Amino acid sequence: MGKQAIYIDQALTNVANAWENTQEDFIADKLFPAVPVKKPTFKIPEYGKENLNLPASTVRTGLSKALSVSQTRSYKQAQPLVEHALSGVVTADDYELTDEPFEPESDETENILSVMALVDEKALADKLTDPTIVTNNRTLLGTDRWSDYANSDPFNDIKTAVTSSKFIKYNTMALSRDGYLSLISHPDILDRLKWAQGGAVSLEQLKQLLGPFGITNILIGQARANFAAEGLDDDIKNIWGNDVLFGFVTPKPGRKQLNGGYKFVLEDDLKTTKEYLNDPEHTKIVVTGRYNYEMLMDDAWYLLKDAFATGA
């Protein structure tokens, strides 16, 4: 297997595109929907809140002039998109041990994408669960934590969260899988759904229960990562931890659509390249793409910090 020039492998690039659209464990791209841009540097149009101003009256008489209202428009310089890249190798033995020579390359591409998604998920989770960034927040302590079934009051805490913003109506709640399982086992939840079939609470039933609070979307972050340093015993934990996040996520990004943030992606930039190398013989696969997760409105989020006790 001689050395050849690096080239873009369209088949593997298609694997990359397909993989990103089917991973349900990750919620970063659901909280920050992807928006393609044509250049790595760009500006984001912003509108003012003047449409919330309340004139004393719109009535006029005779030849009096109509009351004038205004709206401010401005541009925010977005952060320049940065290139993200990871690589992996397929050895000669990998090819020989499979009947389909392209399977090991696809498997390695998916492995690279899995690690990239894990890094992105962790980075956004760290940002959105940082009370110095999401300043609209509250930390639950002691018996207030939802894992204390005898004393906590999740419905009151949710009401406080969704009424904390006077401008944005939160429609989304995000939490870890462990947090979700703890919440649906809470006596207050079970009591309101005591007639649920089999005594279990489904995700759809929880959505119906929280619908009056405006929550129509519940995102469960199921991604886990090994937080142990190399060489030490595994320390597998939820990426989203014990916090609960509330926010507004637009159903469809577009002009004049509010959202707390977006994943700005350079159009048609995700690609997979491979290169044949010797000594020893192997194929190097590289996945690259330029994108950013950029927060646009910090008041579009409410953070309930430490909603569950560790390990709940």
Side-chain angles (χ1 to χ4, degrees), residues 16 19-34 82 84-86 88 109-140 145-147 154 157 161 170 172-185 203 206 215 217-249 259-265 270 287 289 291-295 298 300-312:
W19 188 94
E20 283 199 324
N21 292 325
T22 58
Q23 298 307 296
E24 295 183 355
D25 289 350
F26 300 92
I27 62 175
D29 287 3
K30 297 174 183 176
L31 290 167
F32 278 41
V82 297
H84 299 259
L86 280 179
T109 302
E110 291 178 353
N111 179 62
I112 294 169
L113 286 162
S114 179
V115 176
M116 291 181 77
L118 208 58
V119 172
D120 291 343
E121 191 86 357
K122 178 67 164 56
L124 189 62
D126 286 349
K127 177 179 291 187
L128 292 179
T129 59
D130 185 342
T132 65
I133 295 176
V134 179
T135 55
N136 191 17
N137 66 76
R138 177 188 171 203
T139 299
L140 296 186
R145 290 173 176 156
W146 293 356
S147 46
D157 294 331
Y170 298 137
T172 299
M173 179 173 75
L175 69 172
S176 70
R177 180 175 181 271
D178 287 359
Y180 167 74
L181 294 176
S182 182
L183 177 60
I184 63 174
S185 300
L203 178 58
L206 185 61
I215 302 299
N217 191 24
I218 299 175
L219 301 178
I220 305 171
Q222 302 188 67
R224 293 172 176 263
N226 184 6
F227 288 82
E230 187 175 355
L232 299 180
D233 291 340
D234 289 346
D235 182 20
I236 310 297
K237 294 180 182 177
N238 284 310
I239 289 224
W240 286 94
N242 298 314
D243 306 322
V244 178
L245 183 71
F246 297 88
F248 177 82
V249 178
N259 210 67
Y262 289 112
K263 178 184 181 181
F264 293 109
V265 182
L270 179 67
V287 178
Y291 57 87
N292 274 343
Y293 290 88
E294 184 162 353
M295 182 178 287
D298 56 2
W301 307 103
Y302 181 95
L303 174 63
L304 204 56
K305 194 73 181 169
D306 294 336
F308 305 93
T310 300

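Everything numeric in this text was worked out from a predicted model, so none of it was measured.
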Exercise for the section: Could you tell me whether the side chain of R177 reaches within less than 4.5 Å of the side chain of D25, counting heavy atoms only? Expected result: no
Problem - Close side-chain approach of L183 and L206, heavy atoms under 4.5 Å - result: yes
Handout entry: Note, T129 side chain near L245 side chain (heavy atom, < 4.5 Å)
Key = no
Handout entry: From NZ (K30) to CD1 (I220), nearest 0.5 Å
Key = 9.0 Å
Problem - Taking every non-hydrogen atom, the tightest pair across P33 and G261 - result: CD-O, 3.7 Å
Exercise for the section: Please check if the side chain of N226 supplies one atom and the backbone of D235 the other of a donor-acceptor pair under 3.5 Å. Expected result: yes
Fill in the blank from the handout: Output for pair (Y302 OH, N136 CG), nearest 0.5 Å, gives 6.5 Å
Exercise for the section: Kindly check if the number of other-residue, nucleotide or ligand heavy atoms within 6.0 Å of NZ (K237) is above 12? Expected result: no
Practice task
Would you indicate whether the side-chain heavy atoms of I239 and F26 approach each other to under 4.5 Å?
Solution key: no
Fill in the blank from the handout: Nearest heavy-atom approach of I215 to I218 is CG2-CG1, 4.1 Å
Practice task
Please report the shortest heavy-atom distance between N242 and A309, naming the atom on each side.
Solution key: OD1-O, 3.8 Å
Exercise for the section: Look up atom CG in D243 and atom CG in D306, then write down how far apart they are to the nearest 0.5 Å. Expected result: 5.5 Å
Problem - Donor-acceptor contact present, side-chain D234 to main-chain I236, <3.5 Å - result: no
Problem - Side-chain heavy atoms of E121 within contact of W240, under 4.5 Å - result: yes
Problem - Donor-acceptor pair, side chain of D126 and main chain of L124, under 3.5 angstrom - result: no
Handout entry: Side-chain (S176) to main-chain (G221) donor-acceptor, under 3.5 angstrom
Key = no
Exercise for the section: Apply the test side-chain contact (heavy atoms from CB on, under 4.5 Å) to residues L86 and L113: give CA-CA distance (whole Å), side-chain angles for both, the deciding distance (0.1 Å), then the verdict. Expected result: CA-CA 8 Å; L86 280 179; L113 286 162; over 6 Å; no
Handout entry: W146 and F308 aromatic ring geometry - parallel, tilted or perpendicular at 30°/60° bounds
Key = perpendicular
Practice task
For residues L304 and L140, determine if any side-chain heavy atom of one lies less than 4.5 Å from a side-chain heavy atom of the other.
Solution key: yes
Handout entry: Flag side-chain contact, heavy atom, 4.5 Å: K305 against V134
Key = no
Handout entry: Contact check, side chains of W301 and K127, non-hydrogen atoms, under 4.5 Å
Key = no
Practice task
Quick one: pull up CG in N217 and CG in L31 and give me the separation to the nearest 0.5 Å.
Solution key: 8.5 Å
Exercise for the section: Tell me, with the steps shown, if Y262 and N292 meet side-chain hydrogen bond (donor to acceptor under 3.5 Å, both in side chains). Expected result: CA-CA 8 Å; Y262 289 112; N292 274 343; over 6 Å; no
Completion exercise
Residues L128 and L303: closest non-hydrogen pair is O-CD1, 3.8 Å
Practice task
Identify the two heavy atoms, one from F32 and one from G260, that lie closest to each other, and give their separation to 0.1 Å.
Solution key: CZ-O, 4.4 Å
Fill in the blank from the handout: For A223 and L118, the nearest pair of non-hydrogen atoms, with its separation, is CB-CD1, 4.2 Å
Practice task
Determine yes or no for a side-chain-to-main-chain donor-acceptor pair under 3.5 angstrom, with S185 supplying the side chain and L181 the backbone.
Solution key: yes
